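Worksheet for the structure shown next.
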Protein chains: 2
Amino acid sequence: MSAKRPAARRPTMKDIARRAGVSESAVSFALNDRPGVSEVTRDRVRRVAEQLGWRPSTAARALSGEGAATVGFVLARPAHTLGVDSFFLQLVSGIQEVLARRHLGLLFQVAEDVEEECGVYRRWWAEHRVDGVLVVDPRTDDPRPDLLDGLGLPAVVIGGAPDERHPGLSTVWADDAGAMTALVDGLFARGHRRIAHIAGLPGLAHTERRIRALRAEAERRGLTEVQSVTTDYSDAEGAAVTRRVLEAPAPPTALVYDNDVMAVAGVAAAAGLGFSVPSDVSVVAWEDSALCRMVKPWLSALSRDSVEFGRTAATELTALLDGGPARTVRVPVPRLIERDSTGPARRA
Amino acid sequence: MSAKRPAARRPTMKDIARRAGVSESAVSFALNDRPGVSEVTRDRVRRVAEQLGWRPSTAARALSGEGAATVGFVLARPAHTLGVDSFFLQLVSGIQEVLARRHLGLLFQVAEDVEEECGVYRRWWAEHRVDGVLVVDPRTDDPRPDLLDGLGLPAVVIGGAPDERHPGLSTVWADDAGAMTALVDGLFARGHRRIAHIAGLPGLAHTERRIRALRAEAERRGLTEVQSVTTDYSDAEGAAVTRRVLEAPAPPTALVYDNDVMAVAGVAAAAGLGFSVPSDVSVVAWEDSALCRMVKPWLSALSRDSVEFGRTAATELTALLDGGPARTVRVPVPRLIERDSTGPARRA
DNA sequence: TGCGTGAGCTAAAGCGCTTGAGTGAAAAGA
DNA sequence: TCTTTTCACTCAAGCGCTTTAGCTCACGCA
C-alpha cells in the first residue's frame with residue numbers, strides 16, 4: 001500500500017525450473033504439453049507453476065515466434081458518430097467470449113476513417129502486436145482486404161459479402177439481400193406499393209446490398225415508387241429524410257430504416273407531420289434493440305443476434321490462427337419481429 | 001494474394017544497422033534519442049528506419065523492460081446488460097484519442113463480474129500484458145484498488161470518489177453529489193416536494209453518492225417524501241419502478257433517472273398510467289444522449305462530456321506511466337439541459 | 001612527447017521463452 | 001555381451017530490443 005510500486009516480481013520459468021529441480025527446457029516441455037518429459041515430472045512442474053501463480057510472459061512468447069496472443073479490432077467512425085448504439089458492444093461482447101476462453105487479448109482502437117484504420121493495421125503488424133484482426137463495416141471499394149492480404153495478417157471480415165478476390169480472408173456475413181426481399185414481400189402482400197428505404201452510410205457493403213436488393217425486387221414486381229436514400233445513420237438525418245419523403249405528393253406507405261435510431265427518430269418526425277403509425281405509414285427498423293420498445297407504437301424490427309455474430313466471427317478468426325483455411329460463413333437471416341408499427345397499407 | 005501468407009518479413013534493427021553501416025546499439029541510441037551517436041549518424045539511421053518502415057517490436061521492447069505499451073480496460077457487466085448505451089463508447093473513444101497519440105494500445109475485455117475482472121488484472125499482470133489499467137464502475141466496497149495496489153499496477157479509477165486509502169491510484173471523478181444537490185434545488189424552487197430517484201445499480205460508488213446526496217438534501221429541507229430506488233439500469237426495471245412509484249397514493253411530482261434509457265422507458269410507463277409529462281410529473285435523465293431527443297416530450301437531462309471524461313482519465317494514466325504522482329482530478333459538474341420534460345410542480 | 005578526456009562507436013549480456021541438437025542411462029534387440 | 005533404440009532431460013542459440021562496459025581515436029594541455 002505504499003505510494004511507490006511494491007512491484008512484486010513475476011515468477012518466470014527459471015523460478016519454476018529451480019524449484020522443480022529441472023532445466024528450463026523441461027519446464028517448457030511440461031507446460032506446453034510437449035513430449036520430452038515424464039508424466040511425473042510434468043505433474044510436478046505443473047504443480048510448482050500453479051503454486052507460484054506463473055503465467056507465460058506474452059512478450060517473451062511473442063518474441064520467440066509464438067505470436068502475440070492478441071487480436072485487433074478497429075472501429076473507424078468519428079467519435080461523434082458513436083451515438084446510441086447497441087450493435088458494437090454486443091458484437092464485441094460476443095467476440096470476447098470466444099477470445100477470452102483461449103486467453104487471447106483484444107486490442108481495440110477507434111480511428112477516424114478507413115485510411116487511418118489501414119495505418120493502424122500496418123503499425124500493429126510492424127510492431128508485432130496482433131496475430132490477426134477483425135474488420136467491420138466493409139465497403140464496396142475497400143482497401144483493407146488488399147492490405148491485410150499483403151501483410152499476411154489473418155483477418156475475418158464481418159458483414160461483408162463473400163469475396164473471391166481475397167481467398168486468404170474469412171468472411172462472416174448476413175444475407176441482407178434475402179432479408180430485404182422477404183421484407184418487401186411481406187409489405188407487398190399487405191398492399192404496400194410505395195416504399196421508402198432510409199438507408200445507412202453510402203459505400204458500406206451492406207448498405208449497397210440492401211439498396212440493390214430493394215431495387216431488384218421493385219423491378220421484379222413492377223413497382224416504380226420505391227426509393228432508397230442514404231444517410232449517416234444519425235437520428236437527425238433519419239428525421240430529416242423522413243420529413244422529405246413524406247412531404248412528397250404521393251408519400252410512401254411504408255418506411256424501412258437501416259437502423260433503430262433512425263426509425264425511432266423517423267416515427268417522431270412522421271407524427272410531427274400528422275402521419276400516424278401504422279395506419280398512415282408502416283415502419284420497420286433494421287436492427288432490433290431496447291429502443292424499439294421504448295417508443296409508441298412499438299417498432300417492428302429485423303432482429304439478429306449480434307452477440308452470436310461476434311462469437312461466430314471470433315471463432316473463424318481463431319480457426320484461421322490455428323492454421324485452418326479461410327472460410328465464408330453465413331449467419332442466420334435476420335428475423336422480422338412484428339410489433340405495432342406495421343400494418344396493411346392505407347387505401348389510396 | 002496467395003492463400004497462404006506471403007508474410008513479408010518485418011524489418012528489424014539489425015536490418016537498419018546493416019544498411020546504415022553501424023552497430024545495432026548505435027541504431028538503438030539513434031532511434032531513442034539517447035546520447036552516444038553523432039547527429040549525422042542519427043539522421044542517417046532515422047532515414048533508413050523510415051525508409052524500411054521500421055517499427056519497434058513491442059514484444060522485444062516489453063521483454064527488455066520497457067513495458068508493454070498497452071493499457072487495459074475491463075468492462076464488468078454481463079453481456080445482456082450492455083444494451084443501448086452511449087456512455088462507454090464515448091468514454092473509450094476519448095481514452096483512445098489520448099492513447100493513440102502516444103502509440104499506446106488499449107486491451108479491452110468484458111467480464112461477468114468484478115471477481116472475474118480481478119482475475120483478468122492478475123493475468124494481465126503476470127503475462128506482462130499491460131502497463132496500467134483504467135477501472136470503471138467503482139463500488140462502495142471494491143476489491144480492485146487493493147489488488148492493483150498490491151500488484152503495483154498503475155491505475156486510474158474512473159468515476160470513483162477521492163480515495164485516500166490508495167495513494168497509488170489516480171482518480172477521475174464527477175461531483176455527483178453537487179449535481180444532485182443543484183438538481184433538487186432547482187426542482188424545489190419550482191414547487192416539487194415529492195421526488196423519486198430511480199437510481200442505478202446498488203453498490204456502485206456513484207449510485208450511492210447520488211442517493212446519499214439526495215437524502216441529505218431532503219433532510220436539510222425537511223422533505224419527507226423523497227425516495228431512491230435502485231435498479232439494474234435496464235428499460236424494463238426503469239418502467240417497472242416508474243409504475244410502482246406513480247401508483248402510490250401520493251405520487252411524486254418529479255422523477256430523476258440515473259440514465260437516459262430508464263428515463264425514456266419511464267416516460268412511456270407514466271403515459272401508460274395517464275400521467276402526462278411535464279404537467280403531471282417532471283422527468284430528468286442523468287446522462288444526455290440522442291435518446292433524450294427521440295421521445296416526446298424531449299427530456300431534460302444532466303449532460304457531461306463523456307469523451308472528455310475519457311481523455312482526462314487516459315491523460316492521468318499516461319502521467320502515472322511516466323512516473324508522475326497519483327492525482328485526484330475532478331471533471332466539471334454535469335450541466336442540466338432543460339428541455340420539455342420538466343416544469344413547475346402540479347398544484348396539489 | 002605523453003597523458004587525460006570525451007565523443008562516437010562496438011561488443012556482449014540479458015529480458016523470458018521456444019527449440020533443435022546433444023547427452024547419458026536404461027531398455028530392447030542381436 | 002555388445003550394440004541399437006528409446007526415453008528423459010540438458011545445453012545453447014535465438015527471437016528483437018536495451019543497456020552497460022569497454023574500446024578507439026582525435027583533441028587539448030602540460
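Here is how names work: the chains are called A, B, and so on, in the same order as the sequence lines, proteins then strands, and each is numbered from 1. Note that the structure is predicted; figures quoted are calculated from it, not measured.
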Can you run down the salt bridge (charged side-chain N to carboxylate O under 4.0 Å, His left out) pairs that involve residues 51-74 of chain B, sequence neighbours left out, and say none if there aren't any?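 Non-adjacent pairs meeting salt bridge (charged side-chain N to carboxylate O under 4.0 Å, His left out): A/E127-B/R55.
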Got a sec, which residues hit side-chain contact (heavy atoms from CB on, under 4.5 Å) with A/A17, two or more places apart in sequence or on another chain? A/E24, A/V27
Find the distance B/D33:CG to D/dC17:C1' and express it as a whole number of Å.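 That distance rounds to 16 Å.
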Sequence neighbours excluded, the answer for salt bridge (Lys or Arg N to Asp or Glu O under 4.0 Å) partners of A/R327 is A/E316
May I ask you to list the residues of residues 35-48 of chain B, by number, that have any heavy atom positioned under 4.0 Å from an atom of DNA chain C?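 Nucleic-acid contacts, sorted: B/G36, B/V37, B/S38, B/T41.
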I'd like to know if A/D322 and A/R102 make a salt bridge, using a cut-off of under 4.0 Å between side-chain N and carboxylate O.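 Here A/D322 pairs with A/R102 in a salt bridge, since their nearest N and O are under 4.0 Å apart.
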Do NZ/NE/NH1/NH2 and the carboxylate oxygens of B/R42 and B/E39 come within less than 4.0 Å?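 Yes.
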What pairs of donor and acceptor atoms, side-chain ones from residues 131-139 of chain A against any protein atom, are under 3.5 angstrom apart with sequence neighbours left out?
unit_1: A/D131; atom_1: OD1; unit_2: A/A68; atom_2: N; d: 2.6
unit_1: A/D131; atom_1: OD2; unit_2: A/A68; atom_2: N; d: 3.2
unit_1: A/D131; atom_1: OD2; unit_2: A/A69; atom_2: N; d: 2.7
unit_1: A/D137; atom_1: OD1; unit_2: A/R77; atom_2: NH2; d: 3.4
unit_1: A/D137; atom_1: OD2; unit_2: A/R77; atom_2: NE; d: 3.1
unit_1: A/D137; atom_1: OD2; unit_2: A/R77; atom_2: NH2; d: 3.1

For residues B/F88 and B/F73, report the shortest heavy-atom separation together with the two atoms involved.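 Closest heavy-atom pair between B/F88 and B/F73: CD2-CZ, 4.2 Å.
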If we only count heavy atoms from C-beta on, is the A/R19 to A/L52 side-chain gap below 4.5 Å?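 Counting from C-beta outward, A/R19 and A/L52 do come under 4.5 Å.
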Which letters describe nucleotides 11-17 of chain C, given B = protein heavy atom under 4.0 Å from base, S = only from sugar-phosphate, - = neither? BB-BBBB
Just to be sure I understand the rule, does B/V22 reach a base, reach only the sugar-phosphate, or reach nothing, if contact means heavy atoms closer than 4.0 Å? sugar-phosphate
